[in-house]
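What follows is a set of notes on a single structure, which appears directly below.
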Amino acid sequence: MKLKKSKKIKKRPGINDETSAVSDEMQEEDSEDIAAVPDAIRYDEDEGEEDLNPELKEQVGPGHRLLGRGHRSTRLEERSEAALLVSEFGANAEGDGAKIELSDLLPTASKKAQKQIETLKKSNRTLDTPLSRQETERIHRDVAFQKVATEVSQWKSVIQQNQQAEQLVFPLNQEPSGPKPIEHVVAGWKAQTPLEQEIFAVLNANKQPINNPILTPAEEESIKAMSLEEAKIRRAELQKARALQSYYEAKARRDRKIKSKKYRKVHNKAKRKEMLKQFDEMVKTNPEGALEELKKLEMGRMQERMSLKHQNSGKWAKSKAIMAKYDEDARKAMQQQLEINKELTQKVATALNNDEEDEDDEEEADTEEVLPDFVNDVEKAGDASNPWMRGKLTEEEQEKEQESKMAEEVILLEDEEEMEEEVNEEEKLLREFENRRKQQEEDIVDETALSEFTSIIRGLTQKPEVETIVDNSTPLEEGLTRIQTLEDTEKLQETDISETAEPEVVEIVQADETAKETSTKKAKKRKRNIELKEVITKESRVVTVPLKVTTEEVGEEDMEDEMDQRGLIKEAFAGDDVISDFLKEKRKKEDAGKPKAIDLTLPGWGEWGGKGLKPSRKKRQRFRTKPAQAVVRKDAKLPEVIMSEQRDKSITLHQVSSLPFPFENYAQFESTIRCPLGRTWNSEKTVKKVTLPRVVTQLGAIIEPMGREELKKSQQQKAEPHTWKKWMENNIGDII
Amino acid sequence: FSKMKVKVLSRNPDDYVRETKYDIQRVPRNYDPSLHPFEVNREYARALNATKLERVFAKPFLASLDGHRDGVNCMAKHSTNLSSLLSGSCDGELKIWNLTKRECVRTLQAHEGFVRGIVVRFCGTSFFTVGDDKTIKQWKMQSPGYGEEEEPLNTILGKTVFTGLDHHRREGVFATCGQQVDIWDEQRSSPVRSFTWGVDSFSSVRFNPVETELLASCASDRSIVLYDMREATPLKKVVMTMRSNTLCWNPMEAYYFTCANEDYSLYTYDMRNLEQPVVVHMDHVSAVLDVDFSPTGKEFVSASFDKTIRIFPKDGGHSREVYHTKRMQHVICIKWSADNKYILSGSDEMNIRLWKANASEKLGVVSYCAEKAANYNQKLKEKYQHHPQVKRIARHRHLPKNIYHQAKELRVMREARRRKEKNVRKHSKPGSVPVVTEREKHVVTVVK
């Protein structure tokens, strides 16, 4: 019970730490003790929990420091109640005036606790006086502030994320646009009609999705289970399937284009054989259908017999007939026509008229061998110089013929490769250009440079650890002129030009810097200064525009033509010696640039002067200052070039004179300037990416302040940064 | 027998024939850099033109709403409706405006004397006003029907004058300030909580829109005090060299707020560290009277006694824009519309003015191409912003003569002070005259 009291003491403000620590330990002891005491006793205890046993108190004595704040002088009357079990707290000290020791009251207490009590007894410190109201309030305020500060600091990650974000879209939590299912719109919608109820019962029973676009639980699970690798595999499969499909399409297209008669013949024959096979089967399975087919075939044969096609009676055939005497090819062509006729007019050999089949087969085999490969020959013999005829088409045909003989699988493989090549061609081309640009301007940094730039800025602005935001805003140029038209801006420029002629140097002294630091920084600044020429205008380079050769020039005539032209030009500019003129000009420039000797001799000074009298040689030598050595010109070793080393004032006005704020060196700055953003130089996709606006707002939408959801969202993102769904969203463009 | 030379252009139809007529026309494009030379120079020219055009098209002033018979003292945005605006004037009149029609929808005599504060309840069905007649009144947003009298829903008579008012973002709780800061439950006629900290009067109180239980107020003893609605005591206060008139919390960044100070500047503080402001925003040439954040939290707008409105980036020390008109007098209150597109200013000469937040922006529905072009131009301007000509044109603003000269004067004074300080430092024992940054200068103490 005394221990309970000690608990009370602890609650009071301002008690020193030592005692509170001790009392903490004692509390633990106390709880153990209670467990040891039998139940009935414990019950007693609970009843008079707060008040001490008066008897006990008396015996322990009023002066004991553990026993309460006030030293009550009035003695409380004894009061006892009948009880079955005698409490251990009813213990009396033996003899008059004897007092109970604390340790007597804790028979079950450990030695450790007893020791602690001893030490407590020895220490004679009194309690501190309570703090003044102002001070307690101050402590309260401080504690409350700390609490709020930690609470508010939760937002740090969200704020940083938003500062670094490439793009922010407001309002923050937009609902997806588009039609919503009726259940979402109409609140509290329930299936009412019996039909609806039935449907929903069935859906529920089969674990089917009730709302329209939502997936079944099984599907959801499968989506969740689908890992990145699986998705990749799936994607690869899809790609392959698409590639195969387009390959087959391409093959069919190519097949259709083939003009080779021989190929067609073989092709047709194969087809017919196939058809016959089918027809035979049909006879067995579906005789009626077979009959109809037969009729069709018969019809075709009749038509062939009726028409004059392939009968060598046409205009072409007649002309060929004339030639046939002398030309073997013509004879063959005619023969060919007849063959075709024969073929087409033959009766179809089927199970219905089986007897003729064998013979036909033999004949066909013969004709196949006999058939000469004449078509291409004839055409090749036509005009060798005709580019139409020498084009790829014929070659392709030949290839096709060869291919048709090859195994199908082989073709398949080959064509797949082809397809891939086609797909990659565009990318390759772009990549090539990219490389070329890289070669031209050594370290071109495309978007990366920009992103680097932004990251630099963000990195700088992002340091709210020290809670100082770097201010990169410059003051407005406020003036008394108003810009209303484009001409005004021009005028403004002009006035500005005159202003810039005498630039006001405003020293911005960083307040934190000491004098030493400033001196070192100045040195650095001087280093940093950009070479003006390097900012915008780089050394001009000759642009060679490649002209595609559109004609295929053959023969010596062209060479002659060229020679003629050169000759002509030579003739026309016979008098002009351009090269020597150029050299002369260059020399002149060089001379003009050279520092000259200055002659300061004054004739007649210290000697006779007048007409015809020259100052003495000695004097001339004395007053003549020697020129400083000329600086080596940049074009000294380039005979065909004149390089002006004078600064161009008109360009200077447009050039950046000092390194702008977030950049650390001028190479960085230059690289951001060098990479173009426009559609002229970049593909549509990159342009879109590069010109993404920082903040997007919706027209007429109220932007609410940030809510608690954002905090949760950011925490979730941290927890699972890579979900399948997100991955799909990002890569859906590549997959499709 | 002569050979004829035939020149043939050979092209693959796949390159220019569409598969269906619904396909987009294929525009062949060769990205070979040698075919598109001078990219930097061309883009520079484009950037220059874009900045010029931006300045030419910068016409921010849209409309002026007149109807008040005294200076406009306070304004409030409608919480759910973009086109409504509430304004209270110095003669106790309150007007509700329709911004799309640019006309007054409803007028009511809310108080005797000034209307000191208006705030719309988060649901948008009612609003509260406080006035110089020591009353808080709650009004219905709907105008009364025919024959009904214009009467407040509730009226609370306070003991002292109320000077400011703000409503909790989600609950039926609002805060007023005057002699002390009071937290009220809408259902009760006495404050739930009142905070005092040895200050005789407050000029404004604002709830934090993100951490909705926090408040901050500006007191007349040059201090800014932070509160937590759940605690019995205030949290902390910072005393500055001059008085702050109003403050505004950043709606997207929980612990930042900006206060408009009498010493011509605005200060952005991190509430966790009040020892010094994060940024000092200076450009005004007279006391700053009001400030409001853009709903995106990227910028804020300030109204000043110098008859101008300025827009500052939240982390920039100087304004990116200054608005003024000949007839606009001291601007007393300012609001940034909830869709981030407009700015509303109420001034001494009884008018409310509607401005574009982005002076040269094309309003209304913008076609896809126009949007793309605007984006591209914006990026170009950003890319070439450091080039002197671009910078000059982009940052040039017209200012009225007196403000221009005042600004110049201030600049000279500041420069002189700086120079003197520098000289003193130069001629005294090293370390004896410490360098005090602009940010440190304006904070006197932080009281826990």
Side-chain angles (χ1 to χ4, degrees), chain A residues 137-138 140-142 144-145 148-149 152-153 155 159 162 170 387 430 433 436-437 440 461 467-469 471 473-483 485-486 489 492-493 496 511 536 543 550-551 653-654 656 660 673-674 676-678 680-681 690-691 693 695 697 700-703 705-706, chain B residues 7-9 31-34 36-37 39-40 43-44 52 55-56 82 209-211 228 231 233-236 251-255 270 272-273 278-279 295-296 298 313 315-319 322 338-340 375-376 378-380 386-387 389 392-393 395-399 401 404 407 435 437 448:
Chain A
E137 268 184 7
R138 214 191 109 183
H140 280 302
R141 278 198 299 262
D142 208 20
F145 177 76
V148 167
V152 157
S153 298
W155 291 94
I159 289 169
N162 284 355
F170 293 105
L430 275 176
F433 289 149
R436 250 198 265 178
R437 193 177 287 163
Q440 284 180 351
T461 50
E467 301 309 340
T468 51
I469 291 171
D471 167 25
S473 66
T474 47
L476 295 174
E477 314 269 342
E478 286 153 355
L480 297 171
T481 49
R482 223 184 250 275
I483 299 180
T485 58
L486 265 180
T489 60
L492 180 74
Q493 258 177 292
D496 289 338
I536 293 182
V543 178
T550 49
T551 53
L653 286 170
H654 294 270
V656 180
I673 291 297
R674 207 182 291 141
L677 306 172
T680 324
W681 300 277
V690 164
T691 61
V695 174
T697 56
I702 291 179
I703 302 166
M706 195 174 273
Chain B
K7 293 186 176 181
V8 181
L9 281 174
Y31 290 104
D32 187 348
S34 66
H36 308 287
E39 58 258 25
V40 177
E43 286 216 316
Y44 173 74
K52 280 178 191 173
R55 286 291 86 219
V56 170
L82 270 178
V210 187
E211 277 291 335
D228 186 345
E231 303 285 342
T233 51
L235 299 177
K236 214 173 203 182
M252 290 294 159
E253 302 184 352
Y255 43 75
D270 181 345
R272 298 169 300 170
N273 176 25
V278 185
V279 193
T296 58
K298 296 268 171 210
D315 49 3
H318 292 283
S319 56
V322 53
D339 62 347
N340 199 33
N375 287 347
Y376 176 49
Q378 184 58 39
K379 273 283 134 88
L380 280 182
H386 303 296
H387 289 254
Q389 295 306 310
R392 286 254 161 186
I393 296 167
R395 302 203 65 79
H396 178 268
R397 296 291 181 281
H398 168 251
L399 267 192
K401 207 170 175 184
Y404 175 74
V435 184
T437 57
K448 280 181 182 172

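No hydrogens, no waters, no symmetry mates; every other heavy atom, side chains included, goes into these values. Here is the naming used below: chain letters follow the sequence lines, and residue numbers restart at 1 for every chain.
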Between B:Y404 and chain A, which part of the residue has a heavy atom less than 4.5 Å away: side chain, backbone, both or neither?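 Contact with chain A: side chain only.
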Given a strict heavy-atom distance threshold of 4.5 Å, which part of B:D228 is in contact with chain A: side chain, backbone, both, or neither?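 For B:D228, side-chain heavy atoms alone lie under 4.5 Å from chain A.
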Atom [atom1] of [X] and atom [atom2] of [Y]: how far apart are they, to the nearest 0.5 Å?
| X | Y | atom1 | atom2 | result |
| --- | --- | --- | --- | --- |
| A:R482 | B:L399 | CZ | CG | 10.0 Å |
| B:D339 | A:I703 | CG | CD1 | 7.0 Å |
| A:D142 | B:K236 | CG | NZ | 7.0 Å |
| B:H396 | A:E477 | NE2 | CD | 8.5 Å |

Do A:L653 and B:Q389 come close enough that some side-chain heavy atom pair is under 4.5 Å?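 A side-chain contact exists here, since the closest heavy-atom pair is under 4.5 Å.
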Residue pair B:E211 / A:W155, side-chain donor-acceptor N/O under 3.5 Å: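 Yes, a side-chain donor-acceptor pair sits under 3.5 Å.
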Which atom of [X] lies closest to which atom of [Y], heavy atoms considered:
| X | Y | answer |
| --- | --- | --- |
| B:R272 | A:F145 | O-CZ, 3.8 Å |
| B:E39 | A:R674 | CG-O, 4.3 Å |
| A:N162 | B:K298 | O-NZ, 4.0 Å |

For [X], is it the side chain, the backbone, both, or neither that has a heavy atom closer than 4.5 Å to a heavy atom of chain B?
| X | answer |
| --- | --- |
| A:V695 | side chain |
| A:A144 | both |
| A:T481 | both |

Taking every heavy-atom pair that is under 4.5 Å apart, which of A:I483, A:T697, A:L480 has the most such pairs with chain B?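 Counting heavy-atom pairs under 4.5 Å, the top option is A:L480.
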Would you mind telling me which of B:T296, B:L380, B:L82 has the largest number of heavy-atom pairs within less than 4.5 Å of chain A?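 Answer, by heavy-atom pair count under 4.5 Å with chain A: B:T296.
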Return the option, out of B:E253, B:K448, B:E43, with the maximum number of heavy-atom pairs under 4.5 Å with chain A.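 The candidate making the most pairs under 4.5 Å is B:E43.
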I would like to know whether A:L476 and B:R395 meet side-chain contact (heavy atoms from CB on, under 4.5 Å); could you show each step before the answer? CA-CA 5 Å; A:L476 295 174; B:R395 302 203 65 79; 3.3 Å; yes
For A:V148 and B:E231, what are the C-alpha separation, side-chain angles and deciding distance, and is it a side-chain contact (heavy atoms from CB on, under 4.5 Å)? CA-CA 10 Å; A:V148 167; B:E231 303 285 342; 5.6 Å; no
So for atom CZ, which belongs to A:R138, do other residues, nucleotides or ligands contribute more than 12 heavy atoms lying within a distance under 6.0 Å?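 Not buried by this count: 12 neighbours or fewer within 6.0 Å.
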